[in-house]
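Structure first, commentary second.
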2 protein chains.
Amino acid sequence: MAIRYALLGLLTKGPHSGYDLHSTFKTQHIYFWNSTHSQVYQELNKMRDEELVTYETIVQEGSPNKKLYSITHKGEKRLIEWMMEEAVKPAKIKDEFLLRASAFQAISVEEAVTLLERILAREKAILAGTSQWQLEHYGEQDYPSYLEIGSYLTSEFGKRYAKMYVEWCEWALELLESYRA
Amino acid sequence: MAIRYALLGLLTKGPHSGYDLHSTFKTQHIYFWNSTHSQVYQELNKMRDEELVTYETIVQEGSPNKKLYSITHKGEKRLIEWMMEEAVKPAKIKDEFLLRASAFQAISVEEAVTLLERILAREKAILAGTSQWQLEHYGEQDYPSYLEIGSYLTSEFGKRYAKMYVEWCEWALELLESYRA
DNA sequence: GAAAACATGTAAGGCGTTACATGATTGC
DNA sequence: GCAATCATGTAACGCCTTACATGTTTTC
């Protein structure tokens, strides 16, 4: 249900295509939201029927035509109503690696170390990517324009999350040393 | 699909009822997994059919009867196969509050501050709860028995996650001050 | 007297994923 | 030549949630 608010939120910053919106989920929003391109296109169609968004077709040479979606007045109203609701649902997380980690007692220390090292490398790469992205977008400024406040806040969250993950991996690897024969 | 591995993982530490297993999701696993009681019961039935788990009925006075589930040899084998798979899917997170935060440009600074303060309080309470839980379970020890390694690693992750969230909220509130008229 | 904890299930429906489908351009 | 990027969709399926269903004991 909340996918629509994710899309409406992005559209408050200006018109975007379905492809753009999905790309954002894959890159910037990865730390707190996820979706697939097919769901994005389906939800955009529903929202168009409910007049929360409109679009105009952009004819392009070289690339396929695209639909540039804009948020309507009605859409913006609906978004803000949702944002100001009293209740905020707790986050729902499904992290397969942590699920494996929670069952490390079922495998050997050596195997656990192997799994952890792989994830440490992955998270380091993610941290580097997020830091890079933030530098490219906000590098010189102390703080960005208010239009960019959402992206700025959540990219910082992403960076802190990745950093925390890396540090936890390193701590866990050290701890596992204690169990080595 | 992975719900079954979450359940199998917990059962490597000993027999548990469906109610117990779901309680764990609501408390300890909240940082990396979530489910509902109805899904837990349904999945346990499926796994019983596939002989990944067995159960015995415990007749209780005062409380309703319960089914104590145990992991089978076949179940353990299946779990370890899954754990050692090369590919680990990236985490899927759905955090409604961060979704709201990502659209803060659509509301006023004052409204954003109100929302943030509410979440800061929530996360502080969660951090306190997790710290308390960890203290009760592992307080005196430097590190726990290997049987408890999974819970220990992930509860530490939970603590670090909550701490990071609190610090990010405080940082965000400070930043928002810059935009105040 | 009400709410929370203990305890387990079924049924309906929808959200979300995976697979199928197409096709041009750019970079390695 | 192959993979990646750009670009948008449909169809099938199933995981997962919400609602329905029941009943006792303990705590406030």
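Lettering follows sequence order; numbering is per chain, from 1.
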### Whole angstrom value for the distance that separates P of dA7(C) from CG of Leu68(B)
10 Å
### Task
Answer yes or no: does a side-chain N or O of Tyr19(A) lie under 4.0 Å from OP1 or OP2 of dT8(D)?
no
### Message
Does a side-chain N or O of Tyr41(A) approach OP1 or OP2 of dG9(D) to a distance below 4.0 Å, or not?
### Response
no
### Query
Would Glu86(A) and Arg118(B) count as a salt bridge (charged side-chain N to carboxylate O under 4.0 Å, His left out) if you check the C-alpha gap in whole Å, the side-chain angles of each, and the deciding distance to 0.1 Å?
CA-CA 9 Å; Glu86(A) 198 77 24; Arg118(B) 215 145 66 198; 3.7 Å; yes
### Task
Tell me what Lys46(B) touches on the nucleic acid: a base, only sugar-phosphate, or nothing, going by heavy atoms under 4.0 Å.
sugar-phosphate
#### Entry: Quiz item: Ser17(A) side-chain donor-acceptor pair to dT8(D) base, under 3.5 Å
no
### Message
Below 30° counts as parallel, above 60° as perpendicular, anything between as tilted: where do the rings of Trp82(B) and Tyr5(B) land?
### Response
parallel
### Task
Measure from CE on Met47(A) to C1' on dG9(D) and round the result to the nearest Å.
16 Å
### Message
Taking only side-chain N and O atoms of Lys94(A), does any of them lie within less than 4.0 angstrom of OP1 or OP2 on dC16(D)?
### Response
yes
### Message
Rounded to whole Å, please give me the gap between CD in Gln42(A) and P in dT18(C).
### Response
14 Å
### Task
Taking only Lys NZ, Arg NE, NH1 and NH2, and the carboxylate oxygens of Asp or Glu, determine whether Glu123(B) and Lys163(B) approach each other closer than 4.0 Å.
no
## Note on the structure
Here the distance between atom P of dT17(C) and atom NE2 of His37(A), to the nearest Å, is 12 Å
### Task
Could you tell me how the ring of Phe97(A) sits relative to the ring of Tyr165(A): parallel (under 30°), tilted (30 to 60°) or perpendicular (over 60°)?
tilted
## Note on the structure
Of the listed dT17(C), dT8(D), dT18(D), the closest approach to the Lys67(A) side chain comes from dT8(D)
### Residue Pro64(B), side-chain heavy atoms: nucleotide from dT8(C), dA7(C), dT18(C) that is nearest
dA7(C)
### Task
Answer with base, sugar-phosphate or nothing: what part of the nucleic acid does Lys26(A) contact at a heavy-atom distance below 4.0 Å?
nothing
## Note on the structure
Ranking Ile3(B) and Ser23(A) by the position along DNA chain D of their nearest nucleotide, the one closer to 5' is Ser23(A)
### Query
Nearest-Å distance, CD1 (Ile58(B)) to C1' (dA7(C))?
13 Å
### Message
If you only use heavy atoms from C-beta on, which nucleotide in dT8(C), dC15(D), dT10(C) is closest to the side chain of Ser38(B)?
### Response
dT10(C)
### Task
Using a heavy-atom cut-off of under 4.0 Å over every strand shown, decide if Asn34(A) touches base, sugar-phosphate, or nothing.
sugar-phosphate
### Task
Using a heavy-atom cut-off of under 4.0 Å over every strand shown, decide if Lys89(B) touches base, sugar-phosphate, or nothing.
nothing
### Query
Whole-Å distance between dA24(C) C1' and Lys66(A) NZ?
15 Å
### Query
Could you state the NZ-C1' distance from Lys92(B) to dC15(C), rounded to the nearest angstrom?
12 Å
### Message
What I want to check is whether the side chains of Glu148(A) and Gln105(B) have a donor and an acceptor closer together than 3.5 Å.
### Response
no
#### Entry: Rounded interatomic separation in angstrom, taking CG from Leu44(A) and P from dT10(D)
12 Å
